[in-house]
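Per chain, numbering begins at 1; letters A, B, ... match sequence-line order. All values below were derived from every heavy atom in this structure, side-chain atoms included, with hydrogens, water molecules and symmetry-related copies excluded.
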Amino acid sequence: MEYNFKEIEKKWRQRWVAQQTYKVCEDDTRQKFYVLNMFPYPSGAGLHVGHPLGYIASDIYARYKRLQGFNVLNPMGYDAYGLPAEQYAIQTGQHPAITTEQNINRYREQLDKLGFSFDWSREVRTCDPGYYHWTQWAFQQMFKSFYCNACQSAQPIEKLVEHFYQEGTANLDVAQTEELSFTAEEWKAMSELQQEQVLMNYRIAYLAETMVNWCPALGTVLANDEVVNGVSERGGYPVEQKRMKQWCLRVSAYAQRLLDGLEKIEWTESLKETQRNWIGRSEGAEIVFRVKDSDKSFTIFTTRADTMFGVTFMVLAPESELVRELTTPDQKTAVDEYLTYVKKRTERDRISDRKVTGVFSGSYAINPFTGEANPIWISEYVLAGYGTGAIMAVPAHDSRDYAFAKHFGLPIVPLVEGCDVSEESFDAKEGIVCNSPREGVQPYIDFSLNGLTIKEAIAATKKYVREHQLGRVKVNYRLRDAIFSRQRYWGEPFPVYYRNGMPQMVPEECLPLELPEVDKFLPTETGEPPLGNAKRWAWDTKSRCVVDNSFIDNQTVFPLELNTMPGFAGSSAYYLRYMDPHNDQTLVGQRADEYWQNVDLYVGGSEHATGHLIYSRFWNKFLFDLGISCKEEPFQKLVNQGMIQGRSNFVYRIKDTNTFVSMGVKDQYDVTPLHVDVNIVSADVLDIEAFKAWRPEYATAEFILEDGKYVCGWAVEKMSKSMFNVVNPDMIVERFGADTLRLYEMFLGPIEQAKPWDTNGIDGSHRFLKKFWNLAQNILSQNTQDTESTPSSAELKALHKLIKKVTEDIEAFSYNTSIPAFMIATNELTQLKCNKRAVLEPMVILIAPFAPHIAEELWEALGHTTSVCDATWPKFNESYLAEETVKMMVAFNGKTRFGIDFPADADNATIEAAARTHEQTPKYLEGRQIVKVIIVPKRMINIVMK
RNA sequence: GCCCAGAUGGUGGAAUUGGUAGACACGAGGGACUUAAAAUCCCUUGGCCAGUGAUGGCCGUACGGGUUCGAUUCCCGUUCCGGGCACCA
C-alpha cells in the first residue's frame with residue numbers, strides 16, 4: 001500500500017476532533033505537565049513556514065510527555081489586540097474586531113493542518129470580554145495595592161492608610177515615586193482629594209505626570225522596550241520625550257525579586273543576562289554635598305565611593321529641579337540658553353552625535369571628604385531619570401567625566417598608583433588607591449584610603465559615609481516603571497472613571513467594562529484618544545452601568561478613561577487563564593491553579609526578553625502576592641526558538657534592458673539584482689515560463705543562460721512579502737503532508753538557532769517517511785506466525801539504539817539529531833528484512849510525537865483501537881546495546897593508533913594485564929616499553945609506549 | 001565601550017562533552033530499471049599525494065600559542081559574525 005499522506009492526515013484530523021483526543025482536565029491521579037507557546041498575534045498575512053517552528057517543537061515535547069504518562073496541558077490562543085488591526089481600521093474603516101476575527105479563522109485553519117495536540121476548548125483571545133475582564137481586574141488590584149519593601153510583597157492600600165493615620169510617613173519602607181514626609185496629624189488634616197493624591201505616590205498602578213516616549217506618527221506613548229534606537233519598534237517612526245499624565249505600573253518595586261527569580265528558573269544564560277542588563281542593578285552610595293555659601297544641599301549617587309578624593313566638579317542633569325535652585329544670577333542667561341538647546345535635541349540626536357556640551361551653574365559644592373569647593377556644571381550627559389539626576393565627576397576614573405573635563409579644561413586627579421591619565425581615564429576597578437588624601441595637603445577629615453585596593457576602598461568609604469551620616473548605602477536599578485496607557489482604540493479599556501479629576505475604579509462586580517463602539521478610530525479633533533469619539537462612554541454610579549456621554553453631570557455620572565491598555569496587558573497572565581479559561585468568578589480557580597501550578601516549558605522568540613517576559617514575571621509575582629497564583633515564577637523552563645529566515649532568490653537584469661543574465665555569467669555585464677519569487681525557482685534554477693507569467697513587464701524578457709539553465713543568486717534575509725521569499729506551510733502540506741513538514745522543520749537545525757528556510761531539502765524527510773511506511777507495510781503484511789516471533793539481537797539493537805537516542809534528544813530539545821536516528825534505524829531494519837511487530841510497535845510510538853498522523857494510521861493497522869497518544873513510551877534496555885568488543889588504543893611517538901579489539905566481557909584488569917604483556921599488541925609495537933595505561937570512557941583502554 | 005553566544009566540506013548541520021572529525025540530509029557527479037519521463041534503487045563526494053587496484057601517506061574543525069599519550073571539545077591571545085545593554089555615574 002502506498003503512503004497516501006493526504007488521506008491519512010485528513011482522516012486523523014477529523015478523528016482527533018470527533019474523539020476530543022487532546023482535551024485535558026485536572027486529574028489528581030496523574031502528574032501534570034504544562035507546555036506553552038507564546039500565543040501569536042493574528043496578522044493579516046497568515047502563517048509562513050517560520051511561525052510553526054516553535055509550535056512543532058513544543059508539540060513534540062507535549063506528545064512525548066503524554067506518552068510518558070503525564071497529564072499534559074498544551075493550549076493555544078491569540079494575542080488579539082494590537083496596532084496592525086487598528087491601522088488597517090483607520091485606513092479602511094473596517095472594524096478591528098472583524099479583521100481580527102478573520103485573521104484568527106485563517107490562522108486556525110492553517111494551524112489545524114499541522115497536527116498539533118492543542119486543547120482548543122481552552123482557547124483564549126485577549127480581546128474577548130470574558131478574557132479582558134481579568135486583565136481589568138488585575139489592573140484594579142494593582143491600583144488597590146502598594147509595595148511593602150520590608151515584607152517584599154504587595155499589600156492592600158488600606159494598610160498604608162492605617163500607617164499614615166498612626167505615624168504619617170515615619171518608619172515607612174515602601175516603593176514610591178518620590179519620598180514624601182508628613183506626620184499623622186498632617187495626614188488627617190488633608191482633604192480627601194489631597195489624600196488621594198498622596199496615595200498615588202504609592203499605588204502599584206498609578207497615574208502620574210512623567211516623561212514618556214511620545215510617538216507622533218502612531219499618536220501614542222510607548223514603553224521603553226517598544227522604542228529601539230530612538231524610533232518606534234513598530235514602524236520605525238521618530239519618538240520624542242514629552243511630559244504627560246499616564247497610567248504606570250510600579251514594576252521597579254519588583255526589581256530585586258525579578259533579579260533573584262532568575263536564579264530559580266531554567267532559561268538560557270544569555271536571556272537571563274539580557275534581563276539582568278535590563279534590570280540593571282548597581283550597588284553604590286548616595287552622598288550629600290553642601291552648596292557653598294548656602295544652606296542648600298543635594299545628593300548624588302555613585303558606585304565609586306572610593307573616588308571621593310578625585311572629585312573635581314559636579315554635574316546636574318538639565319531636567320533636574322536643582323538647576324533652577326543652583327543657577328546663580330550672573331549665569332542665568334548662559335544656563336537658559338543651554339536648556340533651550342538641550343530641549344531642542346531629540347533622543348535620536350543624543351544617540352547619533354555624542355558631543356560634549358555643558359554649562360557652569362555658578363554654584364560650588366563642598367566635598368565632604370576634602371572640603372574643596374567643586375564647580376557645579378549642567379550637562380546632558382547626566383540623566384535625570386537615574387539615581388538622583390546629579391553626579392560627582394571623577395575625570396581620572398570615568399571616561400565621560402574625562403571627556404567633559406578635557407573639553408572644559410577642568411582638573412584631573414588620578415587616584416590609582418601607577419595609572420596614566422594623560423590620554424584617557426582609568427576606568428578599571430583594580431589597583432591600589434593613592435592621593436586619598438593627597439600628600440602634603442592638610443586632611444579635611446581623619447580618613448585615608450591610600451594603600452587599599454579599590455574594592456577595600458569602596459567598602460571603607462561606604463562604612464564611613466554611613467557612620468558619619470554623610471549619606472547612605474543605596475542600590476539603584478535601571479528598570480523603569482512601565483507606562484501603561486496607550487492613546488489607541490483597539491485595546492483593553494481601563495475600568496476607571498474620573499471624579500474631580502481623580503480616578504475611581506468601576507466596581508469589580510461590574511467588570512468587564514466592554515470596549516465601546518466608535519465611529520472613527522482616529523484621535524478626536526481636540527486631540528483626545530479615539531475613545532473620545534465614543535458616544536456611550538460615561539459611568540453612572542447609581543445604576544452602575546455605562547451610559548451615554550450626554551448624561552455626564554459629574555454628580556452621579558462621570559466620564560470614563562479614554563486611554564486603553566498596551567499590548568503587554570493581555571499577554572501578561574494568559575498562561576494562568578488557560579488553566580481555567582471559562583471561570584467567570586475569578587481569574588483562575590484555586591483548584592486549577594494548584595493543579596497546573598506554572599508553565600513547565602515555555603517556547604517562544606527571544607525578542608520578548610525585555611518586554612513580555614519581564615512584564616509577565618512582574619504580573620505573576622503580583623498575583624502571587626495576592627494569593628491568586630501559587631508559583632512565583634510563571635515559566636520554569638524557557639526555550640527560544642530561532643527565527644526562520646527567508647532564502648531570497650535574485651535575477652540579474654542588464655541595466656536599461658529587459659534581458660536577464662544567469663548568475664555565473666553576470667559579471668560580464670552591468671546588472672541590477674532583482675528579487676524573484678522563490679516559489680518559481682527550484683534548486684536556484686529559474687522556471688523561465690513561470691517568470692514570464694509572474695509579472696506583465698517580464699512577459700517579453702530575454703535570457704542569457706549558462707549550461708542551458710538560468711541560475712539565480714540567493715541571500716538570506718528576513719522572510720517577508722516584499723522580498724518574495726515567503727513560503728506558505730499550506731503549500732508544503734499540500735505537496736508533502738504535515739508529517740513531512742514537521743519532520744523537516746525539526747531537521748533543519750538546532751531549535752534555538754536562526755536558520756534560513758530552504759524548501760529543496762524537504763525531499764529527504766519525505767523519502768524517509770515513505771521508507772518508514774514501506775517498512776511498516778512489509779511487517780504488517782507478514783503472516784502472524786512470522787511477525788510474532790522474537791526479534792533478533794540485531795533488530796533489538798537497532799531499536800534500542802533508537803529509543804535511547806530519541807529519548808535523550810527530546811529531553812535535551814535537540815530534535816534535529818533524532819531524525820537521522822530514525823532514518824538510520826529504518827534503513828537498518830529494512831536491510832535486516834525485519835518483519836517483527838514487536839519492533840514496529842515501539843517504533844510507531846517513538847515517531848508519534850514527530851509525525852502523529854502516520855503514527856496513528858500504523859497504530860491502528862497494528863490492531864489498536866485507542867489513539868497512539870495513549871500508548872506508553874518504550875523503555876530503553878541497555879543490555880541490547882552492549883558493546884561486542886573493547887578497543888585498545890596505543891599511543892607512541894606522540895601519535896595515537898587504534899589497535900586490538902578485546903571481547904566485551906573482558907574486565908578492565910584483564911585488558912590492562914593483556915596490554916602489559918604485549919599479548920595482543922600489533923607487531924610494530926613489539927619491544928616498546930609501556931609508559932602508562934589509561935582507561936578511558938566507553939570501555940577503551942589507552943596504552944602509552946616509548 | 002561593556003556583557004553574552006558563536007566560527008566544522010559546495011549547503012544545513014553531526015560528533016556519546018577529551019578518544020577513529022565530517023553522522024544524517026540537501027546539492028553535485030556516475031550508474032541501474034524504463035521506448036521516454038516521473039518515481040525508485042545503487043555507487044562516489046573535505047583537500048592534496050602515491051598506486052592498475054584493494055589500499056596507503058600527508059594536511060585539515062576561523063587564526064596563533066599552551067595543557068595532554070591524544071584537542072572541534074579545556075586554557076591564553078588575535079580576527080570575524082550574531083545578540084543584548086549603552087552617556088545608568
Least distance between heavy atoms, A:Pro414 atom then A:Cys419 atom: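 Where A:Pro414 meets A:Cys419 most closely, the heavy atoms are CB-SG, 3.9 Å.
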If you measure from the [atom1] atom in [N] to the same atom in [M], how many Å do you get, rounded?
N	M	atom1	value
B:C33	B:C41	C1'	9 Å
B:U44	B:U55	P	10 Å
B:G22	B:G13	C1'	10 Å

Just checking [X]: base, sugar-phosphate only, or nothing, at a heavy-atom cut-off of under 4.0 Å?
X	value
A:Glu273	sugar-phosphate
A:Ile391	base
A:Arg767	sugar-phosphate
A:Asn816	sugar-phosphate

Row check, A:Trp267 ring normal vs A:Arg617 NZ/CZ: under 6.0 Å, within 45°: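 Here A:Arg617 passes the 6.0 Å and 45° test against A:Trp267.
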Interatomic distance, [X] [atom1] vs [N] [atom2] [rounded to whole Å]:
X	N	atom1	atom2	value
A:Arg480	B:C85	CZ	P	14 Å
A:Glu828	B:A23	CD	P	15 Å
A:Lys801	B:A14	NZ	P	19 Å

A:Tyr744 and its ring pair (Phe, Tyr, Trp, His ring centres under 6.0 Å) partner, picked from A:Tyr815, A:Phe850, A:Trp757, A:Phe736: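 One option only clears the test, and that one is A:Trp757.
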Pair A:Glu424 + A:Lys406, salt bridge at N-O below 4.0 Å: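 Here A:Glu424 does not pair with A:Lys406 in a salt bridge, since their nearest N and O are not under 4.0 Å apart.
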